[in-house]
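These values consider heavy atoms only, across backbone and side chains, with no hydrogens, waters or symmetry-generated copies.
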Amino acid sequence: MVGKIDYSGVPTTVDLENNTNQKKYTVNRPKGKSLVISRALCTLMAIGALLLAVLVGLVVFFLVPRGCSADSNNAVGSLVRKENVKLATSPEDEIDERLPRSIKPVQYMIQLKPDFHNSTTDGLEMITLVPSEDTDTIIFHVNKIHIREDSVTVKPTEKSEAVFLESLSISSQEHLEGERYEIVLDDQLKKGKSYVLTLQFQGELNSHLQGFYQSHYTTLSGDSRFAASTQFSPTDARRAFPCFDDPSFKAKFKIRLARPANMSSLSNMPLERSEMFETAQGTWFWDNYPETPEMSTYLVAFIISELTQLQSTDDLIKIWARREFLTQTDYAGKVAPSILRYFENYFRADFPLKKIDIVAIPEFGFSAMENWGLLTFRESSLLFDNFSSTVEDKRTVATVLSHELAHQWFGNLVTPKWWNDLWLKEGFATYLQYLGVAHAEPSWNILDEFLPSEIERAMSLDALESSRPISFDVCNSMQIKQAFDEISYAKGACIIRMMNNFLGEETFKNGLIKYLQKFKYSNANRNDLFTSLTEEARLRNVLGAGESVKQIMDTWTEQAGFPVINVAPDYSRNTLKLVQKRFFLTQSDSKDKFLWWLPISFTSSVSPNFISTTPKFWMRGEEEIVEEVGPIGEWYLLNLNHTGYYIVNYDEHNWKQLIDHLMDFTPITWAQLISNAMDLARANQLDYEIPLKLIARMGIQDSAIMFVPTAVAFGKLQFLSDILHDTPVFGIFEEYHKAVFKMAYDIVDFNDNIDHYLTRRIRHTVLEWSCRSPESRCVHESRSQFRAWMTNGKTILPNLRSVIYCTAIREGSDIEWDFAYKKYLETSSPTEKNVLLDALGCTKLKWLLSRYLDKLIDGYSIRIQDAGRVFESIAKNKEGTQIAFDFLRKHWNYMLEHYGDGFNILGKMVQALTVHMNTEFQLEELERFRDSIKANISTTTRAFDSAIERVKGNVEWMRKNYKQVEDWLTKHQEQFMYL
């Protein structure tokens with residue numbers, strides 16, 4: 001034990017800094033004696049100390065491992081190849097939370113009893129351990145858990161007889177930084193022997209929707225109910241029970257849960273037996289669950305609740321929800337078995353567990369979670385009500401279900417060794433979700449939506465200099481949680497789709513099957529995947545001699561960003577000169593010379609073919625190539641169907657030819673050309689005349705109003721609308737939009753009688769823009785229907801509600817707002833609540849927006865899971881941006897405490913602020929805010945980085961591009977009336 005130090009008589013820093021009279025100070029003066037140090041000696045001692053510190057620093061620098069290692073085989077070891085990006089920079093984020101590999105857990109026996117009154121849990125745990133080397137130390141994870149030190153025992157066992165021997169003597173126990181707990185023994189644990197660690201603990205039943213948490217809800221009759229459920233991904237199993245909370249520490253789990261008699265429980269496995277016992281609170285039961293297969297801790301799950309079940313059309317699957325919502329699980333019960341069977345056939349592997357429970361949780365932080373055998377969902381992501389849900393809601397249910405079911409193989413059966421390869425599960429689940437839905441709902445043509453849904457989402461972040469590689473260094477929870485972003489999900493899906501296309505469907509699928517078979521119930525990294533794909537590719541002679549999937553894909557996983565290919569044709573020689581460079585939306589000072597392996601598909605007017613996306617040739621990490629392509633003709637196209645994760649900038653002649661022949665191409669090609677051209681113009685690499693003419697050509701001539709290209713065009717024009725909003729040319733821009741899409745505005749009305757997915761999707765897209773003009777027919781109709789709802793309760797059709805609610809509230813007063821908020825409180829429908837929350841942020845009245853924001857901190861009006869949605873609806877409203885920014889600055893610390901760091905809620909709020917920020921002053925204010933909270937920035941580091949870069953880009957756009965757009969719109973203004 002260290003005694004208390006007496007600092008009396010020691011000079012303070014202030015004393016030393018103000019020592020203008022060269023006073024001598026007495027240091028460590030015992031009674032009756034003095035040690036006097038002169039100023040000169042003090043100076044020499046200081047210089048010596050400084051030199052010693054420098055020497056120690058050099059020794060540490062060269063001899064001690066530093067930072068995060070991406071080597072998932074050896075979490076505390078050295079790197080074979082140093083990854084080049086870290087996700088956070090604050091000192092606490094440099095803590096390495098990973099565990100030594102000296103011990104492997106093989107089995108957990110976990111017993112938990114929740115105390116709903118005190119919001120705590122009491123637990124008993126037995127962990128079977130097998131050392132991989134001799135060691136006297138056991139280190140595992142805990143977070144906000146109190147371990148009873150006197151309950152901790154470590155006993156060797158005889159495996160063959162399961163006999164427990166005498167406990168080993170424990171030297172010390174203590175909490176370490178990085179959410180870890182250390183037990184030091186007096187004797188060594190022997191390599192290969194079996195030991196059982198037993199302990200008792202008390203944990204929190206928290207309200208942050210992380211770990212094992214408690215949620216509340218109200219029944220239709222007004223009664224209050226509570227439930228307890230889990231959310232362990234990525235690093236919150238340690239909040240529920242002490243564990244080795246790294247994904248590579250797979251083990252088997254036996255769960256035993258205590259519950260009141262009026263509740264039931266669920267876990268990963270089917271219930272084995274229940275045992276009744278009496279408590280002071282009445283009758284309770286112990287529910288015992290059989291042992292799971294080997295799995296990672298983040299996939300363990302359990303629920304204690306009064307939810308009820310619906311048997312789906314498949315005996316394997318049950319859907320659970322509140323009793324009043326049970327009929328809204330019909331669609332999930334229908335589509336889930338279809339998607340599950342599709343994946344079983346696709347992977348040639350049956351789902352390995354005996355059941356799948358799919359549960360709608362009253363309060364849930366993510367959209368859903370793939371826990372093995374127990375999929376948990378936010379209610380609005382699982383429930384579909386024919387009377388209040390929309391076609392977009394149905395799409396959400398189908399895609400999220402497909403995503404989580406795909407995880408049962410990619411993530412659960414085979415798990416990434418470490419979070420640096422998060423894309424191995426999230427990228428695959430995002431890509432595969434489209435295949436699953438395409439099978440279950442073939443009329444939707446959902447594969448066509450990959451461009452606006454995933455490529456656009458990925459590139460919007462990846463085009464920033466602050467982007468990161470897909471595979472990257474992380475070593476603690478703060479960094480890991482920031483990795484759940486568009487790069488892991490959307491970009492991961494994009495490069496997987498690209499692999500599928502350059503390898504071919506059969507090669508790709510068979511390679512995946514080999515990968516899953518080889519690593520099932522285990523862990524793998526990206527190199528393991530690339531090896532399996534390469535082996536299959538070589539069997540089928542898909543790759544060139546000496547080429548490998550790793551060689552190609554390392555350029556995509558270990559580098560941030562994506563390239564633009566600039567093409568220069570030589571029509572006389574039938575050649576194309578291609579030059580690649582990294583694409584930035586904003587001006588970059590980066591000196592990095594990133595180059596990629598690029599599969600180049602090609603077609604031209606000579607022999608147009610929009611079906612085959614097989615590469616015609618490659619850029620093999622070369623900055624520049626010249627390729628003979630045969631007769632080019634009037635026009636040519638590269639990267640068909642945008643299967644390659646890159647964009648193409650053509651020569652001026654070809655761009656003009658593409659505009660002239662646009663309607664000869666497929667709708668996906670329209671969307672791709674508009675998307676590429678608008679991004680190139682935004683980055684000041686192409687004159688805005690090109691994309692604006694492309695959009696005009698499509699808008700005027702597309703009599704069928706195709707959904708995907710229209711959605712892409714509207715999405716790209718939204719940037720111009722936002723950034724031009726306060727400029728003199730905004731009115732002319734609005735004239736351009738109304739003129740170009742006049743046919744769509746005239747055709748699309750409020751008649752929603754046709755039950756067709758694409759028809760309803762395009763109606764919603766067009767009406768949103770049609771209702772932007774206050775004098776439009778759309779606005780008058782919206783206000784009329786909203787008033788009819790207010791005055792006589794006339795129902796508004798579900799697919800029209802988001803447009804009508806937002807429009808009526810925007811053009812109305814506090815009367816409409818108060819009515820909508822009252823309906824939000826009254827409705828029990830989760831999807832209707834979402835529509836109303838979005839619409840309430842549409843008002844132009846700033847005092848109403850301020851009142852709405854205050855509900856985020858009153859403690860009861862807005863649920864944690866909905867906070868980001870509310871804030872975003874206000875921040876993206878031109879009238880609300882500054883109000884939202886001021887609110888976030890004022891209440892940052894409270895909101896961080898209230899909402900926690902589990903679901904990047906505050907990061908999403910920061911990102912939402914940037915839409916209408918385009919001045920130097922706003923940029924400085926955002927940077928100043930970031931700097932002021934650096935000590936309390938939590939998991940928002942990357943959100944601030946990308947938000948600041950986006951605002952810099954907006955400022956740069958106003959300086960470089962505004963005049964060009966203003967001139968073009970002004971010059972062509974008169975033509976708009978004749979379009």
Heavy atoms of L422 and S488 approach each other most closely as CD2-OG, 3.5 Å

Parallel, tilted or perpendicular, as decided by the 30° and 60° cut-offs, for the rings of W618 and F502: perpendicular

Please enumerate all residues that pass side-chain hydrogen bond (donor to acceptor under 3.5 Å, both in side chains) together with E506, with sequence neighbours excluded. none

Pair Y646-W556, ring-ring contact (aromatic ring centres under 6.0 Å, His included): steps then yes or no: CA-CA 11 Å; Y646 56 88; W556 292 100; 7.2 Å; no

Check for me whether K509 meets the cation-pi criterion with Y346, that is, NZ or CZ under 6.0 Å from the six-membered ring centre and within 45 degrees of the ring axis. yes

ring-ring contact (aromatic ring centres under 6.0 Å, His included) between F472 and W423, intermediate numbers included: CA-CA 10 Å; F472 56 97; W423 73 279; over 10 Å; no

Any chance you could measure N525, atom CG, to T557, atom OG1, to the nearest 0.5 Å? 10.5 Å

Taking H141 for its side chain and T235 for its backbone only, find out whether a donor-acceptor pair lies under 3.5 Å. no

Between the side chains of K481 and D236, is the shortest nitrogen-to-carboxylate-oxygen separation below 4.0 Å, so that they form an ion pair? yes

Over 60° means perpendicular and under 30° means parallel, so tell me whether H403 and H407 are parallel, tilted or perpendicular. perpendicular

Once you measure the plane-to-plane angle for F665 and W635, does it fall in the parallel (<30°), tilted (30-60°) or perpendicular (>60°) bin? perpendicular

Using side chain to side chain contact (heavy atoms under 4.5 Å, CB included) as the criterion, point out the one residue from V579, I600, L576 that pairs with I565. I600

Near-ring test Y108/F253, centroid separation under 6.0 angstrom: yes

Quick check: closest heavy atoms across T534 and E547, and the distance to 0.1 Å? CG2-O, 4.4 Å

Would you say the rings of F410 and F347 are close, in the sense that their centroids are separated by under 6.0 Å? yes

In this structure, is the centre-to-centre distance between the rings of F617 and F602 below 6.0 Å? no

Salt bridge (Lys or Arg N to Asp or Glu O under 4.0 Å) filter on K425, not counting sequence neighbours, yields E370

Any luck finding a side-chain donor-acceptor pair between T415 and K250 under 3.5 Å? yes

